[in-house]
Amino acid sequence: MSVKRNEYPRPNFRRAEGTFFSLNGKWEFGYGKNGEYDREITVPFVPEASASGIGECRDEKYVRYRRTFTLPESFLQGRVLLHIGACDYETTVWINGVSAGVHVGGYTPIELDITALLRPGENTVTVTAFDDTANPLQPSGKQAADAPHGCFYTKCSGIWQSVWLESVPEKYIKSVKILPDVKGEKADFTVELSETGKVFAEVTFGGEMVGSACTEGKTVSFSVSVPSPHLWDIGQGNLYGVRLSFEKDTVDTYFGMRCVETEGRKLLLNGKPLFMRLVLDQGYYPEGIYTAADPADFAEDIDRCIAAGFNGARMHMKVFEPEYIFEADKKGFLLWGEYPNWGLDISRPEATDIFLYEWEEILCRDVNHPSIIGWCPFNEAFPGDNKDIIKKAVSQTRAFDPTRLVIDTSGYVHSAQTDIYDVHDYEQNPRVFASHYGKFPEGAFINSVEGNEGYDGKSPYFVSEFGGAFYDLDAVHENGAQESGNPWGYGEAPKNEDEFVERLSALCAVLRAHPDICGFCYTQFTDVMQEMNGIFTYDRREKFNMERVRKAVEG
């Protein structure tokens with residue numbers, strides 16, 4: 001097994017060479033709140049993953065990490081920031097035995113200014129993570145506290161994204177938010193600086209200057225003209241480069257010019273009708289579980305989806321690594337951003353603040369990615385238990401990002417606030433499946449759950465989960481067929497490839513042919529552990545002839 005995770009981990013907010021110091025690799029490790037560091041772990045992989053060098057699941061709520069490092073003198077001329085891409089769930093950091101900060105949330109970046117805690121020569125960083133997947137006030141997505149079963153997978157404890165140090169000047173650029181305005185032929189910027197000063201922005205396309213701006217303040221908003229924009233579209237990852245300058249600090253980033261909107265029951269991308277052929281991607285890997293062993297895996301996974309006929313994916317119940325979204329940006333591959341709300345009991349009043357805080361961090365991290373065309377804060381939630389949290393989530397999302405669409409809670413239950421009405425339909429019989437989709441609005445399938453306001457026919461309609469037929473490739477190879485119910489999946493298992501492709505083709509044809517359906521999302525991209533309903537196996541082998549799958553998906 002080759003583990004390669006020393007790449008620059010933040011592709012849409014880059015500084016020059018010499019400002020990045022990776023802390024991925026070997027760390028001392030121990031279980032429990034106190035005690036010895038009696039093991040060695042490879043960061044950024046969780047101890048449950050084989051790529052970590054440990055590869056075992058234990059009923060422990062605390063994991064601890066320690067590493068000593070020495071920085072070059074040139075790295076210490078300004079300020080030093082410690083970054084942890086994600087650590088599940090409550091993280092405490094010490095530098096040289098002094099507390100550097102605490103972060104709550106298992107899916108969002110940690111950034112700490114540790115300049116004052118560093119000393120010449122060797123320094124030691126210590127990280128403790130508290131993770132209780134069974135806690136009803138801790139979002140955990142598809143992680144299971146009681147081992148994998150059904151559509152739940154192994155828990156992931158502690159650090160699961162890159163750890164690195166960044167050297168920045170005393171005065172530096174803290175963040176940038178870029179919202180494209182295609183109709184206005186401009187891009188709207190919000191830049192946060194460490195202190196008041198002048199910030200310069202230069203926008204290029206294909207190496208040629210497009211426009212620039214200069215303004216002064218601490219948190220500043222301005223626009224840059226983008227005349228006759230080169231549109232970001234499916235298969236056309238047209239990206240505009242941006243260079244931001246403030247005092248001695250320079251940051252390179254990018255954005256895409258594209259417009260997502262609705263017109264009655266139609267979904268429009270850049271003013272043209274869009275039919276989404278999406279696949280459900282859980283973002284799991286056999287060696288790293290939550291974390292890819294090699295950054296090349298991200299581009300390869302997207303290429304596999306495209307080869308299978310899909311033009312996008314739901315990043316399902318997990319906040320994906322930034323490098324994955326970067327590859328989607330470059331390739332013109334559609335994405336929906338989600339929050340891993342399972343595990344969080346939204347019927348509890350305390351859940352509202354827990355959710356809103358981390359969701360805001362997710363929006364801030366990913367807002368500049370053009371591949372993300374919509375946000376979905378909840379999956380299969382029940383607003384009847386707490387309508388307030390759904391309402392606040394949608395309002396928060398729209399206020400922060402008015403350029404994208406919002407699904408209030410995917411599947412089952414909807415309110416009048418949703419931009420798209422979506423359903424989950426795992427009927428396996430194509431004839432019965434077709435009977436679910438008559439003339440809209442009265443003939444529209446709805447998930448019959450109490451509290452659902454029903455489909456009024458005024459908004460786009462999206463079948464955001466369907467299919468899910470399980471197929472154990474190894475069993476078919478060994479026995480010539482597989483038995484229904486073993487392993488886990490939906491419905492009766494297809495006996496062979498022909499039966500699977502015929503079913504897939506028929507189900508997709510029903511949805512493509514319906515004039516009032518704006519897209520579908522097939523479950524799922526790969527098998528994950530015991531859930532074997534992927535187009536590919538967990539280790540990314542093709543289960544079927546991809547040309548046959550592509551024709552079934554595209555029609």
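Quick note: numbers below take in every heavy atom, side chains included, and nothing from hydrogens, waters or symmetry partners. This chain uses plain numbering: 1 for the first residue, then up along the sequence.
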Under 3.5 Å: donor-acceptor pair, side chain of [X], backbone of [Y]:
{"X": "Arg258", "Y": "Pro370", "value": "yes"}
{"X": "Lys142", "Y": "Gln282", "value": "no"}
{"X": "Thr115", "Y": "Val80", "value": "yes"}
{"X": "Gln428", "Y": "Gly467", "value": "yes"}
{"X": "Asn368", "Y": "Ile178", "value": "yes"}
{"X": "Asn123", "Y": "Ile95", "value": "no"}
{"X": "Asp88", "Y": "Gly158", "value": "no"}
{"X": "Asn447", "Y": "His424", "value": "yes"}
{"X": "Asn311", "Y": "Arg277", "value": "yes"}
{"X": "Ser410", "Y": "Asn379", "value": "no"}

Can a donor-acceptor pair be found between the side chains of [X] and [Y] at a distance below 3.5 Å?
{"X": "Tyr107", "Y": "Glu358", "result": "no"}
{"X": "Tyr290", "Y": "Glu48", "result": "no"}
{"X": "Gln138", "Y": "Asp131", "result": "yes"}
{"X": "Thr68", "Y": "Thr124", "result": "yes"}
{"X": "Glu321", "Y": "Gln161", "result": "no"}
{"X": "Glu427", "Y": "His436", "result": "no"}
{"X": "Ser371", "Y": "Asp329", "result": "yes"}

Do you know the tightest heavy-atom contact between [X] and [Y]?
{"X": "Arg5", "Y": "Ala292", "result": "NH1-O, 2.7 Å"}
{"X": "Ile373", "Y": "Met276", "result": "CD1-SD, 4.0 Å"}
{"X": "Glu361", "Y": "Thr108", "result": "OE1-OG1, 2.6 Å"}
{"X": "Ala144", "Y": "Phe152", "result": "CB-CB, 3.8 Å"}

Should [X] and [Y] count as side-chain neighbours, where that means a heavy-atom distance under 4.5 Å?
{"X": "Arg67", "Y": "Val163", "value": "no"}
{"X": "Gln524", "Y": "His316", "value": "no"}
{"X": "Thr397", "Y": "Trp359", "value": "yes"}
{"X": "Tyr31", "Y": "Phe29", "value": "yes"}
{"X": "Ile114", "Y": "Leu165", "value": "yes"}
{"X": "Thr523", "Y": "Tyr426", "value": "yes"}
{"X": "Asp366", "Y": "Trp375", "value": "yes"}
{"X": "Leu267", "Y": "Phe462", "value": "no"}

Go through the steps to decide whether Arg304 and Asp281 satisfy the test salt bridge (charged side-chain N to carboxylate O under 4.0 Å, His left out), and finish with yes or no.
CA-CA 12 Å; Arg304 290 183 180 101; Asp281 190 348; over 6 Å; no
[atom1] of [X] to [atom2] of [Y]: how many Å apart, nearest 0.5 Å?
{"X": "Tyr284", "Y": "Thr154", "atom1": "OH", "atom2": "OG1", "answer": "8.0 Å"}
{"X": "Asp474", "Y": "Met532", "atom1": "CG", "atom2": "CE", "answer": "7.0 Å"}
{"X": "Asp146", "Y": "Lys155", "atom1": "CG", "atom2": "NZ", "answer": "11.0 Å"}
{"X": "Leu334", "Y": "Ile372", "atom1": "CG", "atom2": "CD1", "answer": "11.5 Å"}
{"X": "Phe130", "Y": "Thr91", "atom1": "CZ", "atom2": "OG1", "answer": "11.5 Å"}
{"X": "Glu350", "Y": "Phe355", "atom1": "CD", "atom2": "CZ", "answer": "16.0 Å"}

Should the heavy atoms of other residues, nucleotides or ligands under 6.0 Å from CD of Glu36 be counted, would the total exceed 12?
no
Just checking Asp59: does its CG atom have more than 12 heavy atoms from other residues, nucleotides or ligands closer to it than 6.0 angstrom?
no
Apply salt bridge (charged side-chain N to carboxylate O under 4.0 Å, His left out) to Arg398 and Asp419, showing your working.
CA-CA 11 Å; Arg398 288 198 176 121; Asp419 289 324; 2.9 Å; yes
Checking Glu338 against Lys318 for the side-chain contact (heavy atoms from CB on, under 4.5 Å) test, could you report, in this order, the C-alpha distance in whole Å, the side-chain angles of both residues, the deciding distance, and whether it holds?
CA-CA 7 Å; Glu338 295 188 12; Lys318 180 190 168 197; over 6 Å; no
Students often mix this up, so state it plainly: with edges at 30° and 60°, are the rings of Tyr254 and Phe326 parallel, tilted or perpendicular?
tilted
I'd like to know whether Asp303 forms a salt bridge (charged side-chain N to carboxylate O under 4.0 Å, His left out) with Lys331, so could you lay out the CA-CA distance, the side-chain angles of the two residues, the decisive distance to 0.1 Å, and finally the verdict.
CA-CA 9 Å; Asp303 287 341; Lys331 292 177 181 292; 3.0 Å; yes
Row check, Tyr172 ring normal vs Arg79 NZ/CZ: under 6.0 Å, within 45°:
no
Take Glu300 and Arg540 through the test salt bridge (charged side-chain N to carboxylate O under 4.0 Å, His left out) and record every step on the way to the result.
CA-CA 10 Å; Glu300 291 172 1; Arg540 276 53 173 179; over 6 Å; no
Evaluate the side-chain contact (heavy atoms from CB on, under 4.5 Å) criterion for residues Ser464 and Arg314: first the C-alpha distance (whole Å), next the side-chain angles of each, then the deciding distance (0.1 Å), finally the verdict.
CA-CA 8 Å; Ser464 60; Arg314 279 181 69 191; 3.9 Å; yes
Quick one, Phe536 with Asp301, criterion side-chain contact (heavy atoms from CB on, under 4.5 Å). Give me CA distance, side-chain angles, the key distance, then yes/no.
CA-CA 10 Å; Phe536 295 84; Asp301 276 358; over 6 Å; no
So that I can tick it off, tell me whether Asp113 and Lys174 are bridged by a salt bridge, with the cut-off set at under 4.0 angstrom between side-chain N and carboxylate O.
no
Checking Arg14 against Phe20 for the side-chain contact (heavy atoms from CB on, under 4.5 Å) test, could you report, in this order, the C-alpha distance in whole Å, the side-chain angles of both residues, the deciding distance, and whether it holds?
CA-CA 9 Å; Arg14 298 182 64 97; Phe20 164 69; over 6 Å; no
Centre-to-centre under 6.0 Å for Trp164 and Tyr8, is that the case here?
yes
Tyr285 ring center near Phe45 ring center (under 6.0 Å):
no
Sequence neighbours left out, what passes ring-ring contact (aromatic ring centres under 6.0 Å, His included) with Phe298? Give chain and number order.
none
Restricting to side chain to side chain donor-acceptor pair (under 3.5 Å), what partner residues turn up for Tyr522, sequence neighbours left out?
none
